[in-house]
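Here's the structure, in structure tokens; my notes come after.
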Amino acid sequence: MRTIEIFDTTLRDGEQSPGVNISTNEKVEIALQLEKLGVTRIEAGFAAASPGDQKSVAEVAKRVKNSTIVSLARAVKDDMDKAYEALRNAQNASLHVFLATSPIHRQYKLNMSKEQVLARAVEAVTYAKKYFTEVQFSAEDAARTEIDFLAEVVEAVIKAGATTVNIPDTVGYMTPIQYGQIFSDLRRMVPATENIRLSCHCHDDLGMAVANSLAAVEAGATQVEGTINGIGERAGNAALEEVALALETRKDYYQATTKLTLKEIARTSQLVSRLTGMIVPGNKAVVGANAFAHESGIHQDGVLKEVTTYEIIRPESVGFKSNKLVLGKHSGRHAFKEKLVELGYHLEQDEVNTAFAAFKVLCDKKKEISDDDILALVDTKMVKG
Ligand code: KIV
Ligand code: ZN
């Protein structure tokens, strides 16, 4: 069984979600929770982006002891100097330096040739190694880079001292098979990747960030990058809770797992949602309000008989109290009776039948049936009436 390291960028790429701004205190609060969750690396920010971000990285670095704290930097000395300043007091620090490698970025953004990009990448990693033992190099837009050139860059930065090489799908353009192929190719073309961490970093523009991350793991990635609740630039990043649960639930298939304390997932998700203002959709995998809720009578009956009929993850394993049987027009008698017992009613079968018939009439009028609705219904129809 392989252990996949988790690199959390909620506080950097996650903060790049339009409309999100996380204060220093909030970043510290989230970072401490990420430490409890057991993430290996926390990217606390981009120190050179603003004085506020430099302060946040420094505060997080001071407070978190068990996770490595990372700052992003462009491949320019001033950015790396600012990151070094911010990370001075970290127990464990890492610099994350990035440079785009794809033809589109080389031509339109950087106006640099392949040779210039290669030289700058090596120069940046060499400079970073003066300050840091752990240096991550990201080939921005790697997924749209010619594989031969990407392999050349990867080999060169490893030679210069990079301890992690990240292969981002910056614009979420890949399909799982294509993205996995890049990792297989790099493993084959650059034998030195055996000696470093090979990282994946996926965006969700086509809704494939988690699937692509898992494909990378299958093809040899040893680190997965992402954010809590999948927040991030544009459509967001790979949702780490989904990656972790996919690996855990299907470790029979992936033969890989993470060291996360899964029971902290619900709390982490709720904290990130509250402090960023990014609401978690009800149907979101693993952490959505409906992820462990059953509405249809057939499903409710199955779950009451044997929970694994319709649940592949136990809600308790990710920190939720229990699953929920939601009463609505698809619900059956079995779940309705369970609800009555939970509310303190032990009715005879004919009373249950009468209440159930009244409940079904109410369901056609209301979208959601609350406990108060049931109480009112039983009190008026049954006990008192
Ligand atoms: O998506 C991306 O390419 C990034 C890099 C800075 C790693 O976030
Ligand atoms: Zn990104």
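Residue numbers start at 1 and run along the sequence shown.
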Connected via hydrophobic side-chain network under 4.5 Å: Val70 and Val224:
no
Could you check if a side-chain atom of Ile265 sits within less than 4.5 angstrom of a side-chain atom of Val286, using non-hydrogen atoms only?
yes
Under a 3.5 Å cutoff, is there a donor and acceptor pairing between the side chains of Asp141 and Thr170?
no
Near Asn195 CG, under 6.0 Å, is it more than 12 heavy atoms from other residues, nucleotides or ligands?
yes
Remaining members of Ile279's ILVMFWY cluster at a side-chain heavy-atom cut-off under 4.5 Å?
none
Sequence neighbours excluded, which residues qualify as ring-ring contact (aromatic ring centres under 6.0 Å, His included) partners of His294?
none
Are a donor atom and an acceptor atom from the side chains of Glu225 and Thr9 found within less than 3.5 Å of each other?
no
Could you list all the ring pair (Phe, Tyr, Trp, His ring centres under 6.0 Å) pairs where at least one residue sits in residues 223-272, not counting sequence neighbours?
none
Are any of the side-chain heavy atoms of Ile228 and Leu34 separated by less than 4.5 Å?
yes
Are Tyr310 and Ile313 connected in a single hydrophobic cluster, I mean Ile/Leu/Val/Met/Phe/Trp/Tyr linked by side-chain heavy atoms less than 4.5 Å apart?
no
Heavy-atom nearest pair, Ala121 first then Val157, reads CB-CG1, 3.9 Å
NZ/NE/NH1/NH2 to OD/OE distance under 4.0 Å, Glu15 and Lys27:
yes
The ring-ring contact (aromatic ring centres under 6.0 Å, His included) partners of Tyr131 (sequence neighbours excluded) come to Tyr84, Tyr127
Quiz question: by atom type and distance under 3.5 Å, do the side chains of Asn25 and Glu29 form a donor-acceptor pair?
no
Under 3.5 Å, side chain of Ser17 to main-chain N/O of Val20, donor-acceptor pair present?
no
For Phe183 and Cys200 the tightest heavy-atom approach is CZ-CB, 3.6 Å
Quick check: does any side chain N or O of Lys129 sit under 3.5 Å from a backbone N or O of Gly161, one acting as donor and the other as acceptor?
yes
Donor-acceptor contact below 3.5 Å, side chain Asp169 vs main chain Met174:
yes
Are any of the side-chain nitrogens in Lys305 or Asp301 under 4.0 Å away from the carboxylate oxygens of its partner?
yes
Answer yes when Glu311 and Arg314 have at least one side-chain N-carboxylate O distance shorter than 4.0 Å, and no when they do not.
yes
Given 3.5 Å as the limit, does a donor-acceptor pair link the side chain of Lys329 with the main chain of Lys366, or not?
no
I'd like to check Phe132 versus Ser94 (side-chain heavy atoms, cut-off strictly below 4.5 Å). Are they in contact?
no
Is there a donor in the side chain of Thr257 and an acceptor in the side chain of Glu248, or the other way round, less than 3.5 Å apart?
yes
Can you confirm whether Thr309 sits close enough to Glu306 that some side-chain heavy atom of one is under 4.5 Å from a side-chain heavy atom of the other?
yes
With a 4.5 Å heavy-atom cut-off, do Leu150 and Ile167 have their side chains touching?
yes
Quick one: do Lys82 and Glu85 make a salt bridge, cutoff under 4.0 Å?
no
Which pair of non-hydrogen atoms, one from Gly220 and one from Arg187, has the smallest distance, and what is that distance?
O-NH2, 2.7 Å
If only side-chain N and O atoms count, and only distance matters, is there a donor-acceptor pair under 3.5 Å linking Gln16 with Glu233?
yes
Residues Asp371 and Lys339 bridged, charged N to O under 4.0 Å:
yes
NZ/NE/NH1/NH2 to OD/OE distance under 4.0 Å, Glu342 and Lys337:
no
Do Asn92 and Thr68 get their side chains close enough for a donor-acceptor pair, meaning under 3.5 Å?
no
Strictly by modelled atom types, are Thr24 and Ser56 linked by a side-chain donor-acceptor pair under 3.5 Å?
yes
Looking at Asp204, Thr276, Val280, Asp13, which one forms a side chain to side chain contact (heavy atoms under 4.5 Å, CB included) with Ile231?
Thr276
Once ring-ring contact (aromatic ring centres under 6.0 Å, His included) is applied, do any residues pair with His334, and if so which ones, sequence neighbours excluded?
none
Check Glu140 with Lys109, please: is the shortest side-chain N to carboxylate O separation under 4.0 Å?
yes
Decide if the gap between the ring center of His96 and the ring center of Phe7 is smaller than 6.0 angstrom.
yes
So if you build clusters from Ile, Leu, Val, Met, Phe, Trp, Tyr with side-chain heavy-atom gaps below 4.5 Å, do Ile374 and Val326 land together?
no
If the threshold is 4.0 Å, N to carboxylate O, is there a salt bridge linking Asp252 and Arg250?
yes
Got a salt bridge between Glu26 and Arg274, using NZ or NE/NH1/NH2 to carboxylate O under 4.0 Å?
no
Check: Gln223 and Ile4 side chains under 4.5 Å, non-hydrogen atoms:
no
Of all residues at least two apart in sequence or in a different chain, which pass the ring-ring contact (aromatic ring centres under 6.0 Å, His included) check with Phe98?
none
Quick check: are there more than 12 heavy atoms from other residues, nucleotides or ligands sitting under 6.0 Å from CD1 of Ile177?
no
For residues Gln349 and Asn353, is any side-chain donor paired with an opposing acceptor at under 3.5 Å?
yes
Treat each ILVMFWY residue as a node, draw an edge where side-chain heavy atoms are under 4.5 Å apart, and state whether Leu99 and Val122 are in one component.
no
Can you confirm whether Ser273 sits close enough to Asn229 that some side-chain heavy atom of one is under 4.5 Å from a side-chain heavy atom of the other?
yes
Exercise: do Arg41 and Gln136 side chains pair donor with acceptor under 3.5 Å
no
If you measure from the Lys or Arg side-chain nitrogens to the Asp or Glu carboxylate oxygens, is any gap between Arg197 and Glu5 under 4.0 Å?
yes
Does any donor atom in the side chain of Asp379 or Tyr345 lie under 3.5 Å from an acceptor atom in the other side chain?
yes
Do Glu43 and Leu72 come close enough that some side-chain heavy atom pair is under 4.5 Å?
yes
Glu295 versus Gln300, side-chain donor and acceptor atoms under 3.5 Å
no
Please report the C-alpha distance between Thr101 and Thr145 in whole Å, then the side-chain angles of each, then the deciding distance to 0.1 Å, and finally whether the side chain to side chain donor-acceptor pair (under 3.5 Å) criterion is met.
CA-CA 6 Å; Thr101 51; Thr145 301; 2.8 Å; yes
